[in-house]
Each structure stands twice: as C-alpha cells, then as structure tokens.
Amino acid sequence: MKKLKFQQQFNLNYSLNCGQTFNWTNQDDCWYGVIKNDVYCLKQDDNVIYIDSTDSDCINTMKKYFRYQDNYELIISCISLDPFIQTAIQNFSGLRLIRQDPWECTLSYLCASNTNISNIRKMLDNLSKKFGNRLTFHDKQFFTIPSPSTLSNAYLSDLIKCKVGYRAKYIKRSAVFIDQNSYIFDELKIMNLINARKKLSDSCEMFGVGPKIADCILLFSHDMLDSFPIDTRILQTIKQYYRYLLDPEMYKIQNDKSTLTSYQYEYLSKIMIDYFGPYAGYAQEFLYCQYGLSDKFTR
DNA sequence: CTTCGACCTGTATTG
DNA sequence: CGGTCCAGGTCGAAA
C-alpha cells in the first residue's frame with residue numbers, strides 16, 4: 001500500500017466516475033481499474049490516495065494519470081467565468097481530467113457514439129474479456145484493454161459478439177490503421193487542436209471518429225486542455241446558458257433533435273474555447289457533470 | 001454547405 | 001406485454 005498526497009484539491013470518485021473513463025469499478029469500498037498491463041486499487045482519504053497495485057512504479061503512474069502536476073487552483077480560477085460554471089465547480093470540486101493511454105481512449109470513444117455510459121462500459125468490458133489479457137489481483141479477475149494489433153486481427157463476427165453493434169467495423173478498421181501507423185499519436189501531440197481534430201476526423205483512416213470523438217481523444221489522451229468536446233449534454237447546456245455568446249446569424253440550431261454538422265460543431269467549439277480559454281476542457285468536464293446532476297434532480 | 005436517414009443495443013417510458 | 005424513444009455521433013447519399 002502506497003500513498004500519494006495531492007497538494008491541491010482532488011476527488012477520486014468524481015474523476016473516475018464522471019464519464020471520462022469507463023473501466024473502473026467500485027468494489028469493496030475501493031476503485032479497481034486497469035491501466036496498460038497493471039491493476040490498481042485506489043482509496044481516498046482527504047487529499048491522499050492509497051494505492052495497492054501490481055505496478056511497482058504506481059506512484060508515478062498515478063501522478064501522470066491524475067494530472068498531478070496540473071496547477072488546479074490556477075485552472076479553476078481561469079475557468080470560473082460565470083455563475084453557472086461556478087456552481088458546477090462547487091458541486092464537483094476536486095474533479096480532475098485524466099490522462100489516458102491514447103489507444104485505450106480511442107477505443108473507448110469509438111464505442112461511445114449514440115449510446116449511453118453504462119452501455120459503453122459493457123462494450124469495453126466485453127472487448128477486454130474476449131480480446132485482452134487476464135490479470136489476477138486481490139483474488140479478482142481483470143482484463144487489459146486489447147491492443148490495436150490484436151483487434152486488427154479479430155474477426156468482425158467476434159467483435160460483434162461483444163455487443164458493439166455497427167461500431168465493430170469502425171473498431172476493426174481503426175485498429176488496423178493504428179497498428180500500422182502508431183506514430184500518428186506522436187504526430188498529433190505536436191499539432192494544435194484544430195489541425196489535430198481535422199487530422200483525426202478527416203484525413204486519416206480513423207473510421208468512426210468524427211469531430212466530437214476526436215476532441216475527446218485529444219483532451220483525455222493528448223494533453224490538449226483547450227479541447228471542448230460538444231456532445232448532446234453540452235449542446236443543451238450551451239443552448240440554455242451560453243446562448244448569449246453565439247452570433248444569432250450563425251446560430252441556426254433550432255430543431256432540437258438534429259445533430260450538429262461539422263461546420264456548426266467547429267463554430268460552437270471555437271466560441272466556447274474563446275470564452276473559457278486554454279483550459280476549456282476542464283470547463284467542459286464540469287459542465288458535463290453538472291448537466292447529469294441537474295438531470296437527476298429534475299426527474 | 002446542409003439535410004436526412006440508417007445504424008447496434010439496452011433501458012426506460014408509454015399505451 | 002409489444003412499440004417507441006433515447007443515449008457522450010458518424011457516415012454516406014442527395015440536392
């Protein structure tokens with residue numbers, strides 16, 4: 001059992017359970033999860049997390065994973081721009097962005113289109129059980145996220161058995177592409193958000209990755225903290241609370257159920273990033289959580 | 001550029 | 001108990 005003390009605010013539950021990452025489970029009063037090829041068991045007490053793991057270097061892994069070096073207070077002060085987000089920040093104080101492995105993140109969000117969080121978890125769980133490596137820890141079984149090369153060799157019919165539906169072909173083709181072009185993730189890291197999003201969603205063979213999922217990949221696994229993924233929740237939030245930021249001439253998103261065109265997406269993204277600034281991604285995460293919370297209360 | 005429908009699946013909501 | 005809708009969107013076709 002090792003300890004990691006955060007100097008600034010940190011909340012393990014919010015950070016692991018807010019829909020950034022999908023392969024942590026709460027068992028026996030402890031968060032269990034797999035990163036790369038190791039199992040981690042995490043508990044929080046005040047600003048200390050207690051770590052039990054198969055990873056001998058788990059402290060450093062956790063520091064990277066939870067963005068230990070981020071100046072949280074500074075980031076919060078940068079994005080605390082209006083009463084609505086201030087409320088969200090208060091409700092979810094200690095929520096942090098997570099730094100995921102790029103392929104794990106890509107696979108997760110390939111599963112995320114047009115579905116809900118519990119289903120995303122199931123899809124990833126099925127994929128890991130069928131194609132990942134089994135790990136044993138605390139007499140429990142865990143499975144690694146399957147590698148690009150494993151999934152590139154998988155039969156489409158076996159992927160479909162994992163209940164991923166029409167996403168199977170996207171997963172297969174993206175796995176083939178990443179397996180053969182793994183340098184792409186390094187290339188993206190030195191690009192700016194706009195170009196990286198364009199590259200991921202348009203110009204490389206990442207089928208199933210549009211602008212929203214590209215933004216998630218860039219925010220959660222490429223350190224692009226300005227990335228502001230716009231999903232249905234965030235779109236509703238913008239419509240309700242940030243409509244005043246929009247140019248009424250540009251804002252023609254009246255019909256509720258229609259999804260954003262890429263042109264509209266890029267416009268809204270630019271507006272929100274201009275507003276929230278270089279840490280817009282943190283703002284997005286608070287707004288995302290706030291929407292889920294208020295949703296529960298109004299039901 | 002936009003609009004439209006199709007798309008797997010599981011749960012919740014209707015009637 | 002069966003239809004229907006919706007959930008962290010994307011793709012391809014059509015005008």
Side-chain angles (χ1 to χ4, degrees), chain A residues 14-23 88 92 95 97-98 100 104-127 130 156-174 177 197-221 227-239 249-269 272 280-296 298-299:
Chain A
Y14 295 153
S15 304
L16 290 181
N17 205 24
C18 67
Q20 306 181 64
T21 177
F22 307 99
N23 64 340
F92 295 96
L95 169 65
L97 284 173
I98 283 174
Q100 300 177 33
E104 174 194 326
C105 190
T106 302
L107 183 62
S108 301
Y109 283 93
L110 276 172
C111 295
S113 75
N114 198 22
T115 188
N116 53 50
I117 289 182
S118 78
N119 208 19
I120 299 169
R121 297 187 109 99
K122 277 178 195 153
M123 288 188 265
L124 280 173
D125 196 43
N126 294 338
L127 287 168
K130 189 158 186 65
L156 214 50
S157 56
D158 285 335
L159 289 171
I160 288 170
K161 283 178 191 159
C162 297
K163 305 291 185 185
V164 295
Y166 65 88
R167 302 165 192 81
K169 56 185 179 293
Y170 300 151
I171 292 170
K172 168 100 178 171
R173 293 175 78 174
S174 297
F177 176 77
R197 179 205 292 147
K198 193 161 292 178
K199 176 121 189 164
L200 268 178
S201 60
D202 288 347
S203 43
C204 68
E205 310 258 314
M206 290 288 283
F207 293 92
V209 177
K212 189 270 171 180
I213 290 177
D215 275 350
C216 287
I217 294 170
L218 296 170
L219 176 60
F220 299 134
S221 68
S227 175
F228 189 89
I230 301 172
D231 53 48
T232 51
R233 293 191 192 191
I234 296 295
L235 181 57
Q236 295 308 316
T237 302
I238 292 172
K239 285 180 178 178
E249 196 58 33
M250 293 290 290
Y251 181 70
K252 294 164 187 159
I253 313 152
Q254 299 298 345
N255 40 348
D256 256 5
K257 58 183 176 182
S258 72
T259 52
L260 296 172
T261 66
S262 66
Y263 180 73
Q264 290 171 324
Y265 185 98
E266 284 163 25
Y267 169 71
L268 289 178
S269 169
M272 298 312 286
Y282 264 98
Q284 190 270 4
E285 209 54 29
F286 282 106
L287 296 177
Y288 182 82
C289 289
Q290 179 64 24
Y291 185 92
L293 181 108
S294 55
D295 203 37
K296 275 174 195 163
T298 53
R299 210 163 277 195

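All values reported here derive from a predicted model rather than from experimental measurement. The analysis underlying the following values was restricted to heavy atoms, covering all of them including side chains, and did not include hydrogens, waters or symmetry mates. Residue numbers start from 1 in every chain, and the chains themselves are labelled A, B, ... in the order their sequence lines are given, proteins ahead of strands.
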Legend entry - Secondary structure of DNA chain C in dot-bracket form (Watson-Crick or G-U wobble, distances below 3.5 Å, | marking inter-strand pairs): |..|.||.||||||.
Quick one: [X] [atom1] to [N] [atom2], roughly how many Å, whole number?
X	N	atom1	atom2	result
N116(A)	dC5(C)	CG	C1'	12 Å
N114(A)	dC11(C)	CG	C1'	12 Å
D231(A)	dA7(C)	CG	P	10 Å
F22(A)	dA7(C)	CZ	C1'	12 Å
L260(A)	dC11(C)	CG	P	14 Å
I217(A)	dG9(C)	CD1	P	14 Å
L235(A)	dA7(C)	CG	C1'	14 Å
I117(A)	dA12(B)	CD1	C1'	16 Å

Inset, instruction - For the pair Y109(A) and F220(A), name the ring-plane relationship: parallel under 30°, tilted 30 to 60°, perpendicular over 60°. - result: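 Taking F220(A) first and then Y109(A), their aromatic rings lie parallel (interplane angle under 30°).
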Inset, instruction - Tell me which residues in residues 205-212 of chain A put a heavy atom below 4.0 Å from DNA chain B, sorted by number, or none. - result: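 Of all residues in residues 205-212 of chain A, none places a heavy atom under 4.0 Å from DNA chain B.
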Legend entry - DNA chain B contacts made by residues 158-174 of chain A, counting heavy atoms under 4.0 Å: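 Going residue by residue through residues 158-174 of chain A, the ones with a heavy atom under 4.0 Å of DNA chain B turn out to be K163(A), G165(A), Y166(A), R167(A), K169(A).
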Legend entry - Residue Q264(A), side-chain atoms from C-beta onward, closest of dT10(C), dA7(C), dT2(B):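 Nearest to the side-chain atoms of Q264(A), counting from C-beta on, is dT2(B).
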Inset, instruction - Please state whether the phosphate of dT2(B), meaning OP1 or OP2, lies under 4.0 angstrom from any side-chain nitrogen or oxygen of T261(A). - result: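 Yes, within the criterion.
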Inset, instruction - Compare every heavy atom of L97(A) with every heavy atom of L219(A), then report the nearest pair and how far apart it is. - result: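 Result for this residue pair: CD1-CD1, 3.7 Å.
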Legend entry - Minimum-distance pair of heavy atoms, taken over all atoms of N126(A) and C162(A):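 Where N126(A) meets C162(A) most closely, the heavy atoms are ND2-O, 3.1 Å.
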Inset, instruction - Under the side chain to side chain donor-acceptor pair (under 3.5 Å) rule, collect the residues that match up with Y282(A), sequence neighbours excluded. - result: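 Applying side chain to side chain donor-acceptor pair (under 3.5 Å) to Y282(A) gives D70(A).
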Inset, instruction - Would you check if the distance from the ring center of Y170(A) to the ring center of F207(A) is below 6.0 Å? - result: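 No, too far apart.
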Separation between the [atom1] atoms of [N] and [M], rounded to whole Å:
N	M	atom1	answer
dC11(C)	dG10(B)	P	23 Å
dC1(B)	dG9(C)	P	22 Å
dC1(C)	dC8(B)	C1'	23 Å

Legend entry - More than 12 heavy atoms of other groups within 6.0 Å of K169(A) NZ: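 Atom NZ in K169(A) is crowded, with more than 12 foreign heavy atoms closer than 6.0 Å.
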Legend entry - Closest-nucleotide ordering on DNA chain C, the 5'-leading residue of S201(A) and E285(A):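 The residue closer to the strand's 5' end, by nearest nucleotide, is E285(A).
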Legend entry - Under 3.5 Å side-chain donor-acceptor pair for S227(A) and R197(A):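 Result is no, nothing qualifies.
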Inset, instruction - Using a heavy-atom cut-off of under 4.0 Å over every strand shown, decide if Q20(A) touches base, sugar-phosphate, or nothing. - result: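 Since a base atom lies under 4.0 Å of Q20(A), the category is base.
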Legend entry - For I160(A), all residues meeting side chain to side chain contact (heavy atoms under 4.5 Å, CB included), sequence neighbours excluded: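 I160(A) satisfies side chain to side chain contact (heavy atoms under 4.5 Å, CB included) with A168(A) only.
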Inset, instruction - Please list, chain by chain and in numerical order, all residues satisfying salt bridge (charged side-chain N to carboxylate O under 4.0 Å, His left out) with D202(A), sequence neighbours excluded. - result: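 Partners of D202(A) by the salt bridge (charged side-chain N to carboxylate O under 4.0 Å, His left out) criterion come out as none, since no residue qualifies.
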Inset, instruction - State, with a plain yes or no, whether a side-chain heavy atom of L95(A) is found less than 4.5 Å away from one of C18(A). - result: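 Yes, at least one pair of side-chain atoms sits under 4.5 Å.
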Inset, instruction - Give a yes or no answer on whether the side chain of Q100(A) reaches the backbone of Q20(A) with a donor-acceptor pair at less than 3.5 Å. - result: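 Pair found, side chain donor or acceptor close to backbone of Q20(A).
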Inset, instruction - Tell me, please, whether Y288(A) has R233(A) positioned over its six-membered ring: NZ or CZ under 6.0 Å from the ring centre and within 45 degrees of its axis? - result: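 Judged by the rule, R233(A) and Y288(A) form a cation-pi pair.
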